[in-house]
Q: 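So that we are looking at the same thing, I have put the structure below in structure tokens.
Just so we're clear, the structure is a prediction, and the values are computed from it rather than from any experiment. Letters A, B, ... mirror the listed sequences (proteins, then strands); counts begin at 1.
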Protein chains: 2
Amino acid sequence: MTGLSGQGSEAHKNGGLSRIQERNRSLILDAALGEFSKKGFSGATVERIAAEAGMSKSNLLYYFSSKEAIYKATLAHILEVWLAPLKTLDPSGAPSQELSAYIRQKIEMSAEFPEASRLFANEVMQGAPQILPILEGELKRLVTEKSAVIEDWITAGKMQRVEPVHLIFTIWATTQHYADFSIQIKALTGKDLSDPEFFRETVASVTALILNGIGLTPPQDTPA
Amino acid sequence: MTGLSGQGSEAHKNGGLSRIQERNRSLILDAALGEFSKKGFSGATVERIAAEAGMSKSNLLYYFSSKEAIYKATLAHILEVWLAPLKTLDPSGAPSQELSAYIRQKIEMSAEFPEASRLFANEVMQGAPQILPILEGELKRLVTEKSAVIEDWITAGKMQRVEPVHLIFTIWATTQHYADFSIQIKALTGKDLSDPEFFRETVASVTALILNGIGLTPPQDTPA
DNA sequence: GAGGGATTTGACCAAATGGTCAAGATGCAA
DNA sequence: TTGCATCTTGACCATTTGGTCAAATCCCTC
């Protein structure tokens, strides 16, 4: 049989995936993230992804039926991780705590998964051909929910009045900027988030600016 | 003769460009901006750029010797406009005035030239293969100069202490976000900067947040 | 250790695409 | 109007690249 759609005796162990399948899919997705984030969808080649994953192009196409399929899978793979932090905003927490934690998480993700950030940015900038439904569906629900949380904080007098979505956009913009434009940042400052000192400085600056911006005092994590 | 490098009797009028040359180059650059910003360098095709510019691919290649040449020219064409606003930061002005004017200008550019913003973002995210020298040269000098201006404002007690580069990055990030991620913003809010009301709201929100963030009061341009 | 499905690959194909070229059309100065 | 340079294009080419296929090879179960 060709292809692994009909998985014969597949009552295997894990979600119908053999050990080999699991390993290879993972290798492919890792390689694909690198390629797609570096070159964009069109610029990436199946051949290079396969090479990076240590297998032949044919074999890669045995696991994913097309370049677009790899791309979609890669996107799906990073998306949940990427949107996770926002979900942790806790309505019962203190705004300064919650928001600074959120900002820190986002900057950590920019430091740890800059490729995911760039892939996501790329997809959205091209018009979000693959993930528009997710943006309009799941993400919109999430943002609406968290906007209401912020609105409640404002109503309760816990923070200054801001348009909640703009606050969210500002946090996204600033934190992701350090991943997406890291080349520019490196060109200008000589450093990027992979430098621990610069990382600390960035968290401090961004947090201070945004929290001050909404009339809050940033909590001290680590004394200087 | 083939190609227009040796321009024979070219003491024409304007910089050695005939009327036809000027018109066509301009048509090409406009079309190229659209294509490159929508599809990225690899995704763009010379054929489509030519079609958009209303001429044959061959003719386009008569004006620009290669796809890369078109790309470079497009980039150069937008770059000066793109970096211009920062140059207007006036050391002798009041920080709140100067910065809010800068922020407004940047958001105006995001509204008016979102494609330029996306093209620039794309280029940088791919590692700035073409413009790295400019980032490390001209842009770095400019940023250093303006960082010093901000530093002076701080020293003079005119604004709160911030790391100047991070303030600049924050302004870039937030303002360009509204162009680069306009699809996402539209998916989430139903609007983008082309909506005058949303434009006003964005300027107000971003300006307020950032100026508050550095201990300044945003000046009122238009009463409510 | 034999049988059979899962995995892997090289050979191959068709379409897309950047770029060349020679010939023809056009604009302009004298 | 004529002559020449500029401008324009269709035909064509080489390369890249996504994807197919049949033939191995591997792995696991019985």
Q: Sequence neighbours excluded and cut-off under 3.5 Å, please list the side-chain donor-acceptor pairs for residues 73-86 of chain B, or say none.
A:
{"from": "B:T74", "atom 1": "OG1", "to": "B:I70", "atom 2": "O", "distance (Å)": "2.7"}

Q: Ignoring backbone atoms, establish whether B:R19 has a side-chain N or O less than 4.0 Å from OP1 or OP2 of D:dT6.
A: no
Q: Side chain of A:Y62: nearest nucleotide among D:dG19, C:dT7, D:dT8?
A: C:dT7
Q: Under 3.5 Å, which donor-acceptor pairs do the side chains of residues 131-142 of chain B form with other protein atoms, sequence neighbours left out?
A:
none

Q: Is any side-chain N or O of B:N59 closer than 4.0 Å to OP1 or OP2 of D:dT6?
A: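 For D:dT6, neither OP1 nor OP2 has a side-chain N or O of B:N59 closer than 4.0 Å.
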Q: B:E163: which residues meet the salt bridge (charged side-chain N to carboxylate O under 4.0 Å, His left out) condition with it, sequence neighbours left out?
A: none
Q: Taking ring-ring contact (aromatic ring centres under 6.0 Å, His included) as the definition, give me every residue that meets it alongside B:F198, ordered by chain and number, with sequence neighbours left out.
A: A:H166
Q: Go through residues 32-58 of chain B and report each residue with a non-hydrogen atom lying under 4.0 Å from DNA chain D, sorted by number.
A: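 By residue number: B:M55, B:S56, B:S58.
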Q: Within less than 4.0 Å of OP1 or OP2 of D:dT6, is there a side-chain N or O belonging to B:Q21?
A: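 For B:Q21, the contact criterion (side-chain N or O under 4.0 Å from OP1 or OP2 of D:dT6) is not met.
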Q: If you define the side chain from C-beta out and look only at heavy atoms, does anything of B:I210 sit under 4.5 Å from B:L167?
A: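 Sidechains of B:L167 and B:I210: in contact.
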Q: Where each residue is assigned the nucleotide of DNA chain C containing its nearest heavy atom, which of B:L61 and B:I20 is assigned the position nearer the 5′ end?
A: B:L61
Q: Can you check the B:R25 CZ to D:dC7 P distance for me, whole Å?
A: 10 Å
Q: Within a radius of less than 6.0 Å around CD of B:E108, do more than 12 heavy atoms belonging to other residues, nucleotides or ligands occur?
A: yes
Q: Closest approach of A:K146 and A:L89, non-hydrogen atoms and distance?
A: NZ-O, 2.8 Å
Q: Where do B:A179 and B:P114 come nearest, in terms of heavy atoms and distance?
A: CB-CA, 3.9 Å
Q: Roughly how many Å is it from OH in B:Y63 to C1' in D:dT6, rounded to a whole number?
A: 8 Å
Q: Under a 4.0 Å heavy-atom cut-off, which of residues 64-78 of chain B touch DNA chain D?
A: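 The answer is none.
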Q: Less than 3.5 Å apart, any donor N or O on the side chain of A:R118 or A:S182 sitting next to an acceptor on the other?
A: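 A:R118 vs A:S182: donor-acceptor pair found between side chains.
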Q: What is the separation between atom CG on B:L27 and atom C1' on D:dT8, rounded to the nearest whole Å?
A: 14 Å
Q: Indicate whether OP1 or OP2 belonging to C:dT8 is found under 4.0 Å from a side-chain N or O atom of A:N24.
A: yes
